[in-house]
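Below: the structure, in C-alpha cells.
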Amino acid sequence: MSELGTEANPLRVAIIGSGPSGFYAADPLLKQTDLVIQVDMYDRLPTPYGLVRGGVAPDHPKIKSVSKVYDKTAANPNFRFYGNVELGKDISHEELKQHYHAIVYAVGSQTDRRLGIPGEDLHGSYPATEFVAWYNAHPDFCHLTFDLSQESVAVIGNGNVAMDVVRILASSYEELRQTDIADYALEALRNSKVKDIYMLGRRGPAQAAFTNPELKEFGELAEADVVISPEAAAADAVSRAALDANPDSAVEKNLKVMAEYAQRPLSGKPKRIHMIFLVSPTEIEGENDHVTAIKLVENQLQAGSDGSLKARATDKTFTLPVGLVFRSIGYMGVPLEGIPFDQRSATIPNAQGRVIDPETKTPVVGEYVVGWIKRGPSGIIGTNRPDSVETVEKLLEDVPTLSALDPTQASRESMEALIKSRQPDYVTYEDWLLLDQIERENGQLQNRPRIKFSRIEDMLVALKKVKSSQVSNPVS
Ligand code: NAP
C-alpha cells in the first residue's frame with residue numbers, strides 16, 4: 001500500500017455536520033500541500049451551514065454572508081457534501097470507520113438547557129431554540145405554531161439568542177419582510193398581537209451575556225420602545241467595585257447604551273421591550289394547561305468561590321402576567337451513539353480536539369471533535385475557526401498512527417455506493433447550489449433576499465424538477 005496522504009492513498013476524513021466548525025475543519029485539511037486529503041462532509045439536512053442558516057437571525061444578513069467562505073472551501077475538488085444523510089440512521093459509526101482514516105464530529109449543541117421549574121412544559125412555554133429554528137425555516141421545526149395572539153411575553157435569559165428572539169418579536173412587518181425569515185413565520189408575526197416583551201436576566205446589566213451591537217439594535221426598532229428604569233440600567237455597588245478593579249470596556253459600553261435608553265422618553269410605539277434584571281423564574285403558572293403568568297424572585301449579587309458574581313435569591317417575589325414564555329438559557333449537546341459523551345458538560349470529552357475514552361482517558365484513534373460539541377455552546381461564529389484549526393493540527397500530528405488504521409474500504413467510490421444504497425435522495429453541494437439559486441429567484445419575485453425551503457420533500461421535488469429540465473434543455 002502506498003504511503004498515506006498520496007494520490008494513490010489519500011487520507012480520507014469524514015466531517016459530521018456542515019456548520020461553521022465543520023467548514024473551518026475542512027478548509028485547513030484541504031489546504032495541506034504535502035498531503036492529499038479527501039474530505040467528505042455529512043449533514044442530516046439537505047442544506048449546509050448549520051446555525052448560519054438555522055440559527056443566525058434573519059435580520060443579520062452580514063453575519064450570514066460568511067457562507068461565501070464555506071462555498072469556496074466546498075469548491076475544492078477533494079471536497080464532497082452528502083446532505084440528507086444521517087449518522088446513526090442512514091450510515092453507522094462502524095461503516096464510517098471502514099471508509100475513513102479520521103472522523104471529525106461537528107454536530108453542535110442540538111437541544112436546549114432546561115430551567116427545572118414547575119410549569120416549564122405548559123402550553124405557551126417554549127425553548128427559544130425552537131422559536132429560532134421555526135422562524136429560520138428549519139425542517140424539523142417548521143410545523144410548530146406559537147400563540148402570538150398573546151399580548152405579553154417573557155423571554156428568560158440575557159444572551160444573544162434572547163436578544164434575537166426579543167427583536168424578532170418586536171420587529172415590524174416591514175422590517176421582517178426585508179429578511180429571509182420563513183414565509184409562514186413572516187405571516188404569523190404579521191398577525192402577532194404581542195405588545196409587551198419582558199426580557200428577564202437573573203444577574204445585573206453588568207453581567208449580561210448579550211453584546212453591544214445587539215443591544216443598540218433594540219433602540220433602532222421602528223415599532224418598539226425600550227423600557228428600563230435608571231436604577232435597573234446602572235451597575236449595582238458590587239458590580240461597580242468589580243468593574244473598577246477589572247475594567248471591561250464591553251460592559252461599560254453596554255451600561256452606557258442602557259443608561260441612554262433609561263433617559264429616553266417613551267415615544268408611544270405599539271410595542272415595548274422591558275429590560276428587567278436581577279430576577280429568576282421560580283414557576284410558570286397556568287390555567288387549563290396554558291401559561292398565564294411567570295412567578296419571579298428578586299436576586300442580589302454575591303461573589304462566588306471563583307470570584308465571579310452570582311445571583312442569590314432574596315425573599316422578595318412578584319408575578320408577571322404573560323401568555324407566552326421563551327426560555328433562552330443556552331443550548332446543550334446531545335450524545336451520538338457509540339461516541340463518548342460527558343453528561344455534565346454535554347460535550348464529547350476531548351483533549352485539544354482528540355476524542356478521549358472516558359474509561360482509559362486515552363485518545364480514541366481516528367476520532368476528533370470541533371465546535372460547540374467540543375467546547376460547549378459559546379462564542380461567535382469566528383470563535384470556531386481557531387477551535388477547528390487546533391483539532392486539525394492534532395489530526396495531522398496523528399497521521400503516522402492513522403496509517404496503521406488501514407480502513408478496509410477507504411475509497412470515495414465504495415462510500416458513495418453505500419450512501420446511494422441507503423439514501424438515494426442524498427444531496428450534493430452542486431444540488432445545494434441549485435436550491436440556493438431557486439430560493440434567491442423565488443425571493444426576487446417578492447422583493448425579498450430569498451424564500452427559504454422549509455420542508456425536505458419540497459427541496460427534493462424542486463431539485464428533481466430543475467435537474468430534469470437541465471437534462472431536457474442541456475446548455476450547449
Ligand atoms: P449565552 O450567551 O450563554 O446566554 C445564556 C443566558 O442564559 C445568560 O444570560 C445566562 O445568565 C442565562 N441563564 C443560564 N441559566 C439560567 C437560569 N437557570 N435562569 C436564568 N437565566 C439563566 O447563550 P445563548 O444566548 O444561547 O447564546 C449561545 C452562544 O451563541 C453565545 O456565545 C452567543 O453570543 C452566541 N450568539 C451570538 C449571536 C450574535 O453574534 N449575534 C447571536 C446568537 C447567539 P448568566 O450569565 O447569569 O449565566
Side-chain angles (χ1 to χ4, degrees), residues 19-21 50-66 108-118 120 125-133 135-136 154-168 198-218 239 242 248 250-251 254 275-284 294-304 306 308-313 325-333 345-347 371-384 387:
S21 66
L51 280 183
V52 169
R53 181 175 166 97
V56 172
D59 57 346
H60 283 169
K62 261 201 193 141
I63 300 181
K64 283 169 189 273
S65 67
V66 70
S109 305
Q110 297 185 30
T111 191
D112 61 294
R113 291 186 53 219
R114 292 189 48 94
L115 282 166
I117 58 170
E120 194 165 4
S125 161
Y126 304 100
T129 52
E130 286 187 2
F131 186 59
V132 169
Y135 65 59
N136 278 326
V155 179
I156 304 165
N158 263 177
N160 276 331
V161 171
M163 295 300 265
D164 287 348
V165 167
V166 169
R167 197 177 63 256
I168 293 298
Y198 298 90
M199 184 168 174
L200 308 171
R202 68 173 166 184
R203 297 194 288 162
Q207 290 78 34
F210 53 69
T211 42
N212 201 251
E214 281 68 23
L215 179 61
K216 281 188 176 157
E217 284 171 327
F218 275 8
S239 304
D248 185 328
V251 171
N254 272 357
M275 298 185 78
I276 302 179
F277 294 101
L278 290 167
V279 290
S280 282
T282 54
E283 183 177 351
I284 299 173
I294 185 163
K295 206 168 164 184
L296 297 161
V297 62
E298 291 183 17
N299 295 329
Q300 58 190 25
L301 294 174
Q302 271 179 17
D306 60 356
S308 68
L309 295 179
K310 311 257 187 231
R312 293 276 172 268
V325 173
F326 291 107
R327 312 179 310 262
S328 183
I329 63 166
Y331 286 79
M332 206 171 84
S345 61
T347 57
W372 279 6
I373 197 65
K374 171 185 177 188
R375 66 172 196 278
S378 66
I380 56 170
I381 291 169
T383 316
N384 292 298
D387 174 291

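Counting starts at 1 for both ligands and their atoms, following the listed order. What you are looking at is a predicted structure, and each value in this text was computed from that prediction instead of being measured.
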Can you tell if the side chain of S21 reaches within under 4.5 Å of the side chain of W372, non-hydrogen atoms only?
no

How far apart are the C-alpha atoms of K374 and T347, what are their side-chain angles, what is the distance that settles it, and do they pass the side-chain contact (heavy atoms from CB on, under 4.5 Å) test?
CA-CA 6 Å; K374 171 185 177 188; T347 57; over 6 Å; no

Using a 3.5 Å cut-off on N/O to N/O, what pairs does ligand 1 make with the protein? A line per pair would be great.
from: ligand 1; atom 1: 9 (O); to: N158; atom 2: N; distance (Å): 3.0
from: ligand 1; atom 1: 15 (N); to: R202; atom 2: NH2; distance (Å): 3.4
from: ligand 1; atom 1: 25 (O); to: N160; atom 2: N; distance (Å): 3.3
from: ligand 1; atom 1: 25 (O); to: V161; atom 2: N; distance (Å): 3.1
from: ligand 1; atom 1: 32 (O); to: G379; atom 2: N; distance (Å): 2.8
from: ligand 1; atom 1: 32 (O); to: G379; atom 2: O; distance (Å): 3.2
from: ligand 1; atom 1: 34 (O); to: N160; atom 2: ND2; distance (Å): 3.3
from: ligand 1; atom 1: 41 (N); to: E214; atom 2: OE2; distance (Å): 2.7
from: ligand 1; atom 1: 46 (O); to: R203; atom 2: NH2; distance (Å): 2.9
from: ligand 1; atom 1: 47 (O); to: R202; atom 2: NE; distance (Å): 2.9
from: ligand 1; atom 1: 47 (O); to: R203; atom 2: NE; distance (Å): 2.7
from: ligand 1; atom 1: 48 (O); to: R202; atom 2: NH2; distance (Å): 2.8

Regarding S125 and R327, is there a side-chain donor-to-acceptor distance under 3.5 Å anywhere?
yes

Step through the shown structure and confirm whether more than 12 heavy atoms of other residues, nucleotides or ligands are within 6.0 Å of NZ on K295.
no

Minimum heavy-atom separation for V165 and A128, please, with both atom names.
CG2-CB, 3.9 Å

Checking the side chain of D387 only, and the main-chain atoms of G371 only, is there a donor and an acceptor separated by less than 3.5 Å?
yes

